Number of protein chains: 2
Amino acid sequence: MKQTRNVTIMHENKFINIYQDLSSKIRRAILPAGQLLPSENELGDQYRASRETIRKALALLSRNGYIQKIQGKGSVVLDVSRFDFPVSGLTSFRELAEHTGEQWKTTVRQLILMKPDKKLQQLMNLEEDQNLWKVIRSRTVGGETVILDKDFLLLDTVPMLTADICEHSLYDYIENELNLKIGFAKKQITVEEANEEDRQYLTLSTVSSVVVVRSLVYLDNTQLFQFTESRHRADKFRFVDFARREHL
Amino acid sequence: MKQTRNVTIMHENKFINIYQDLSSKIRRAILPAGQLLPSENELGDQYRASRETIRKALALLSRNGYIQKIQGKGSVVLDVSRFDFPVSGLTSFRELAEHTGEQWKTTVRQLILMKPDKKLQQLMNLEEDQNLWKVIRSRTVGGETVILDKDFLLLDTVPMLTADICEHSLYDYIENELNLKIGFAKKQITVEEANEEDRQYLTLSTVSSVVVVRSLVYLDNTQLFQFTESRHRADKFRFVDFARREHL
DNA sequence: CAGTGGTCTAGACCACGGC
DNA sequence: CCGTGGTCTAGACCACTGG
């Protein structure tokens with residue numbers, strides 16, 4: 001649900017609304033863990049939707065760890081309470097910070113326009129004369145700088161960029177101002193020894209290793225437009241995931 | 001497709017078959033990256049399926065990084081070639097080893113029946129007199145032991161266990177012999193200093209940190225039955241993920 | 001404009017669980 | 001046996017793309 005012109009509208013699809021209503025009720029324990037959801041037919045009556053539409057909403061709930069469907073019985077509400085939520089998937093730093101409610105601060109260390117070096121050319125499949133934004137930002141919490149983000153964005157897709165935007169939220173700008181739709185990303189997590197740059201920006205006490213998350217980010221139209229290297233102080237890194245077993 | 005009574009049958013569902021056929025063609029580049037899939041209506045004719053069934057198969061392809069759907073245009077085949085495949089999700093060590101084709105060896109270090117300590121009682125929500133299997137296994141490749149797995153399994157769900165089974169494949173046994181269906185898992189990845197046990201079993205050269213993957217594994221019926229702690233030599237750890245942006 | 005994917009529907013049949 | 005979820009269908013309407 002979003003606010004527009006002083007009117008509360010539900011401009012999403014029916015199954016998204018149903019998903020949001022049910023997931024909200026589960027998070028607030030109005031539908032407590034262990035209980036069965038109403039049957040799909042009942043839900044169809046309640047929301048005035050066909051069964052297939054209900055099933056689309058339930059499939060979303062299942063994928064995101066809210067319920068477990070059991071044939072012949074029903075849909076069981078899962079315990080979602082002490083589950084550190086969606087750190088998985090494509091989540092921007094700001095969305096994360098807002099979720100945990102901690103006091104974070106982003107500092108832009110560098111913002112320049114550049115040409116790609118050989119490595120970047122190969123990684124992003126670029127021409128050598130293609131222009132790129134290079135953004136370096138550090139993330140500080142409780143006086144300690146624990147994350148260093150290096151972003152490379154195609155000038156072709158992001159024609160303008162300011163330090164202010166980078167400090168606020170890059171994804172917000174890309175999705176809501178430029179109206180670009182992010183489609184998917186390929187990520188890779190490794191652990192590496194801290195390098196010169198890490199030591200320059202991060203608060204590295206005794207810790208000498210960093211967790212490096214490298215992502216290739218693509219738009220809706222399969223256009224690659226960003227490469228990100230997110231370097232985390234190893235002792236402050238944590239990745240939480242909900243995984244379903246695929247029975248193919 | 002599986003073999004039963006000397007007859008090749010396709011006992012899976014229609015949309016799974018279509019998914020497997022298409023994904024296989026994409027992997028073998030019979031459907032090359034960048035190209036458009038036939039339209040949903042055409043596919044419906046080809047496979048003699050309704051459009052909704054085709055769409056279920058395409059949704060699977062999309063979730064697993066094979067295609068990107070673009071409204072008004074079609075489904076674009078993504079480049080899947082140099083993408084280290086499903087290391088994400090619930091994948092057993094053996095499935096992984098078979099995928100990469102490397103020469104791995106599993107050694108069972110301990111296999112005992114025990115009662116849970118306080119920590120395990122809280123973590124798995126157990127009674128203090130409930131019986132658990134404790135399995136410790138190490139994984140060796142190229143002469144170096146790089147993974148240490150500690151598993152705790154409910155005796156109630158796994159009544160029998162042998163070193164032989166643990167050496168072969170635990171998940172194979174659980175799913176195919178005991179006919180239990182694994183539903184989902186909650187995972188957490190952190191980086192920690194190597195402890196006494198790590199030093200005892202792992203080949204730790206100069207590396208002193210390990211990547212710890214802790215998982216709570218649940219059955220289809222929401223019953224928690226396993227806690228696993230998988231400890232990886234940090235320099236040998238790698239996690240690859242394909243993530244779609246959720247537009248809710 | 002025609003063709004594409006996105007959503008929603010009503011109805012059918014099946015497989016499974018529990019009484 | 002009934003009620004549950006799992007699959008599949010045929011058809012409708014919409015939103016978007018491209019010529």
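Convention: sequence-line order gives letters A, B, ...; per-chain numbering from 1. These figures come from a predicted structure and were not determined experimentally.
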End-to-end bend of the helix from C:dC1-D:dG18 to C:dG18-D:dC1 (five-pair axes, 10° rounding)? 10°

Considering all heavy atoms of both residues, which atom of A:Ile54 and which atom of A:Ala49 are nearest to each other, and what is their separation? CD1-CB, 4.2 Å

Anything under 30° is parallel, anything over 60° is perpendicular, the rest tilted; go ahead and classify A:Phe152 against A:Phe227. parallel

Can you tell if the side chain of B:Tyr218 reaches within under 4.5 Å of the side chain of A:Leu78, non-hydrogen atoms only? no

Between B:Ile26 and B:Val80, the two heavy atoms sitting closest are CG2-CG1, 4.4 Å

Once you round it to whole Å, what is the distance between C1' of D:dG5 and CG of B:Asp220? 12 Å

Contact check, residues 47-63 of chain B vs DNA chain C, heavy-atom distance under 4.0 Å, returns B:Arg51, B:Glu52, B:Arg55

Determine whether B:Tyr66 and B:Arg27 make a side-chain contact, defined as any pair of heavy atoms from C-beta on separated by less than 4.5 Å. yes

Salt bridge between A:Arg245 and B:Asp220, side-chain N to carboxylate O under 4.0 Å? no

Atom of B:Ile174, atom of B:Leu153 and distance for their closest heavy-atom approach: CD1-CD2, 4.0 Å

Could you go through nucleotides 15-18 of chain D and list every protein N or O atom that sits under 3.5 Å from one of its N or O atoms, giving the distance for each pair?
unit_1	atom_1	unit_2	atom_2	d
D:dC16	O4'	B:Gln71	OE1	2.8

Under 4.5 Å between any side-chain heavy atoms of A:Gln68 and A:Lys73, yes or no? no

Looking at residues at least two apart in the chain, or sitting in another chain, which of them share a side chain to side chain donor-acceptor pair (under 3.5 Å) with B:Gln71? none

Within this structure, what is the CZ-CG distance for the pair A:Arg55 and A:Leu43, rounded to the nearest 0.5 Å? 12.0 Å

Looking only at heavy atoms, the pair that brings A:Cys166 and A:Val135 closest together is SG-CG1, 3.7 Å

For chain A, the stretch of DNA chain C it reaches, first to last nucleotide, under 4.0 Å of its heavy atoms: C:dT7 to C:dG18

Sequence-distant partners of B:Lys150, salt bridge (Lys or Arg N to Asp or Glu O under 4.0 Å), two or more places apart: B:Glu197

